[in-house]
Amino acid sequence: MMKLPALLAALALTTTLPAAEPARPRNIVIIYADDLGYGDLGCYGATRVATPNMDRLAREGLRFTSGYATSGTCTPSRFALLSGEYPWRRANTGILPGDAALVLDPARATLPSVLKRAGYITAAVGKWHLGLGAPGVPLDWNRPLAPGPREVGFDYSFIMAATADRVPCVYVENQRVVGLDPQDPLRVDYDKPFPGEPTGVSDRAKLKLDWSHGHNMAVVNGIGRIGYSTGGRAAQWVDEDMADTFTGRAVAFIGREKARPFFLYFAPHDIHVPRVPHPRFVGKTTMGPRGDAIVQLDWEVGEILGALERHGLARDTLVILSSDNGPVIDDGYQDGAVTRLGDHRPAANFRGGKYSRFEAGTRVPFLVRWPARVQPGVSDALVSHVDLLATCAALAGQTLAQNDAPDSPDARAALLGDSPAGRAYVIEHAGKLALREGHWKFIAPAPGVAVQKNTNTETANLAAPQLYDLATDAGETKNLAPAEPARAAAMAAKLALLQQSPRTRP
Ligand code: NG6
Ligand code: CA
């Protein structure tokens, strides 16, 4: 029998224990930044730009040091996040033009469809870049655009179709172009210019922001874009207002739906090109538009966090912040990003960047905050965006069918900080694949340039296999493949096996 003092102590313990931990977050918010580098945030070491709101998320939540996007560019990473499937298994999941058809399959489970099934009202606000309309059917921008976000599970959407550097430069709300004048129909063509419309070549001298490579087709708001368009003038966005517009819609969604559980996928344009922050952010850093766009992005994050607080939802809302791929300095406009970079290191101590299979391509900022459940701290667990579908499904009490989300494991233990161990491996994708297993990194041989000419990014393409020990060489400087051929061969075999198997979810 327990002695009285012990019994009292046990009782005291039980009475001071907090209420049972919630299994399910009241709301889920994913903030998916664009081209934001690991080293672009104060909480990951940046000193030349202040990011107080993202730093606060890190302080109040878990900051992952080995969080990965699946891919080194946007469309494939977003595809993986929303479908739970590696993009390299599917055709047409590379960087999409602005008039591409929807690449997500409405017949299959998606992150929003699973959460919708679980009773969350769902919204996508910001960058889409996953296509609109049916394959093979030319899109008429003057009519409802379907299939799109709604057909894959988003109740509400306020998006741009692709990227801000691609036409059409208009907002699309619930799959209709916003503010379109029927007398001035919008047309888009990615092959040939519309006669009489200026281009970034014909009107180069008049541009507000000159291009450095690409971005010399249609001119909208004095900025050259990718692709041609005509008409739809009244609907064209103002680049400087884009952060306010998207943030405003996201905050309004939270306010409108605060009475019931919601899932918000908020995908800011920042810090992708063209970097044209609102005048109130101009000059906030010494780095020019790229730095100022980080400040603007941080403001956007602050607005979302503020809305959650205002409505009393912060404690019970799971907020995840990450980036679709690593950083790039010159991505096609002469915006001073290269000349004004100074000693800021967007990729921290990693090699490569956007478009790369070196670590900086896919190792991204990754923050998880859920005050009611997640203890603040730092986690070195390997986690990937592709985990989020099955993880959120499990949190929401949903079971997945065998064929759903074939590459998405339930990573609750790592993502909620219950376990320091994450995945055994991550696959890193930019053109070809690479494999990180524990602290070893194997990069499969690939043809192609070692350094992308215009962006000046090291791609990691090499005719020979590469092997790095990230524990001692995070910057991937010393190729150990010649010295450790057996390890390189074993990792090559494992990567080939993973690539060939139709699914990796247990
Ligand atoms: C590239 C663009 C780049 C950017 C990228 C997509 C040129 C020369 N470069 O083709 O500016 O738009 O595509 O970026 O056009 S992503 O983050 O959406 O993947
Ligand atoms: Ca991107």
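Just follow the structure's listing: the first ligand is 1, and inside any ligand the first atom is 1.
At a 4.0 Å heavy-atom cut-off, ligand 1 does not touch N454 at all. Counting heavy atoms closer than 4.0 Å to ligand 1, residue D165 contributes side-chain atoms (C-beta onward) but none from N, CA, C or O.
Near I226, with a cut-off below 4.0 Å to any heavy atom, the atoms of ligand 1 are 15 (O). Atoms of ligand 1 lying under 4.0 Å from any heavy atom of K127, numbered from 1 in the order shown and given with element: 16 (S), 17 (O), 18 (O). Short contacts between ligand 1 and C74, defined as distances under 4.0 Å to a heavy atom of the residue, involve ligand atoms 16 (S), 17 (O), 18 (O), 19 (O). Applying the 4.0 Å criterion to heavy atoms of T163 picks out, from ligand 1, the atoms 18 (O). Close approach of ligand 1 to N325 (heavy-atom distance below 4.0 Å) involves ligand atoms 17 (O).
Salt bridge annotation for R225-D165: absent, with no cationic side-chain nitrogen under 4.0 angstrom from a carboxylate oxygen. Comment: R369 engages E60 in a salt bridge, judged by a side-chain N to carboxylate O separation of less than 4.0 angstrom.
Residue R503 places its CZ atom among more than 12 non-hydrogen atoms of other residues, nucleotides or ligands, all under 6.0 Å distant.
Of the candidates D331, I95, D330, D331 brings a heavy atom nearest to atom 4 (C) of ligand 1.
The minimum heavy-atom distance between A405 and L389, with the atom names listed, is CB-CD2, 3.8 Å.
The count of protein N, O or S atoms under 3.0 Å from the Ca ion (ligand 2) stands at 5, with waters excluded from the count.
Each side chain to side chain donor-acceptor pair (under 3.5 Å) pair with one or both residues in residues 92-107, not counting sequence neighbours, would appear here, but there are none. Sequence neighbours left out, the pairs with a member in residues 342-362 that pass ring pair (Phe, Tyr, Trp, His ring centres under 6.0 Å) are Y38-F350.
Applying the side-chain hydrogen bond (donor to acceptor under 3.5 Å, both in side chains) rule to E300 yields no partners; only residues at least two apart in sequence or on another chain are considered.
Checking side-chain atoms of S113 against main-chain N and O of G153 turns up no donor-acceptor pair under 3.5 Å.
Proximity of K441 to E428: side-chain heavy atoms (C-beta onward) are separated by under 4.5 Å at one or more points.
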